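In what follows, a structure is listed as structure tokens, so that the remarks can point back to it.
A quick note: this is a predicted structure, and the numbers were derived from the prediction, not measured.
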Amino acid sequence: MSEEKSNEWDSLWQEYSKSLENWKNLFEQIQSANNDMQAKFNEVWRKASKESSAETMKLFAENWQKALADAGMKSYKEFSEAWQKTLSDSSTTAFKQFAENWQKSFSSSGMEQMQTYGEIMKKFSETWKSMWPKSQS
């Protein structure tokens with residue numbers, strides 16, 4: 001192999017290695033941000049289910065579900081079915097189990113899943129903000 005060809009391979013290898021390292025760093029940042037978001041979601045969920053009536057939680061669920069449907073989510077069907085099952089039970093345990101299960105399923109595989117998960121969390125935030133706005137001082 002000529003020296004020129006060898007240098008091309010070395011250069012290509014270095015570029016690839018740098019890209020791989022960038023990918024790894026970004027992936028770790030996404031994992032960290034996701035873990036933080038899930039922890040905060042779980043805090044909100046616990047507080048809401050503990051301090052809100054079953055009727056308020058049901059209204060929240062309906063509003064969140066409508067927001068998701070209005071957003072035209074591709075992976076919404078599975079989420080919706082699990083949500084409906086939870087609503088039929090409406091116990092604190094059912095809501096907790098729902099949150100754990102769907103977070104695992106939506107955050108465990110694929111970019112589309114990650115994008116869908118982000119959209120669900122965004123709609124959760126928007127629905128929460130519309131139902132529990134900051135109190136006026």
Task: Candidate pair Gln29 and Leu26, rule side chain to side chain contact (heavy atoms under 4.5 Å, CB included), full reasoning - done: CA-CA 5 Å; Gln29 288 174 6; Leu26 183 58; 4.0 Å; yes

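- Taking CG of Asn35 as the reference point, atom CD1 of Ile30 lies at 12.0 Å (rounded to 0.5 Å).
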Task: Verdict with reasoning, Lys66 to Glu62, per side chain to side chain contact (heavy atoms under 4.5 Å, CB included) - done: CA-CA 6 Å; Lys66 182 180 181 321; Glu62 291 167 357; over 6 Å; no

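- Once rounded to the nearest 0.5 Å, the distance linking CD of Gln31 with CG of Asp36 reads 13.5 Å.
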TODO: Kindly indicate, with the supporting measurements, whether the criterion salt bridge (charged side-chain N to carboxylate O under 4.0 Å, His left out) is fulfilled by Glu43 and Lys40.
DONE: CA-CA 5 Å; Glu43 282 182 47; Lys40 297 303 179 204; 3.6 Å; yes

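- The number of heavy atoms from other shown groups lying within 6.0 Å of CD (Glu4) does not exceed 12.
- Contact between Met57 and Ala48 at its shortest, heavy atoms only, is SD-O, 3.6 Å.
- Salt-bridge formation is detected for the pair Lys123/Glu126: a Lys NZ or Arg NE/NH1/NH2 atom is positioned less than 4.0 Å from an Asp or Glu carboxylate oxygen.
- Here the CE atom belonging to Met131 is positioned 4.0 Å from the CG atom belonging to Leu59, to the nearest 0.5 angstrom.
- Under the 30°/60° scheme for interplanar angles, the aromatic rings of Phe41 and Trp45 are found to lie parallel.
- Between the CD atom in Glu15 and the OG atom in Ser11 there is a gap of 4.0 Å [rounded to 0.5 Å].
- A chain of hydrophobic side-chain contacts below 4.5 Å, direct or via other Ile, Leu, Val, Met, Phe, Trp or Tyr residues, connects Phe27 to Leu20.
- Interatomic distance, OG of Ser17 versus CG of Leu12, reported as 9.5 Å (0.5 Å rounding).
- Annotation: side chain of Lys18 is not in contact with side chain of Gln14 (no heavy-atom distance under 4.5 Å).
- Side-chain polar atoms of Ser130 and Thr127 form no donor-acceptor pair below 3.5 angstrom.
- The CD atom of Glu55 lies 14.5 Å from the CZ atom of Phe60; values are rounded to the nearest 0.5 Å.
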TODO: Evaluate the side chain to side chain contact (heavy atoms under 4.5 Å, CB included) criterion for residues Trp64 and Trp128: first the C-alpha distance (whole Å), next the side-chain angles of each, then the deciding distance (0.1 Å), finally the verdict.
DONE: CA-CA 8 Å; Trp64 187 17; Trp128 173 27; over 6 Å; no

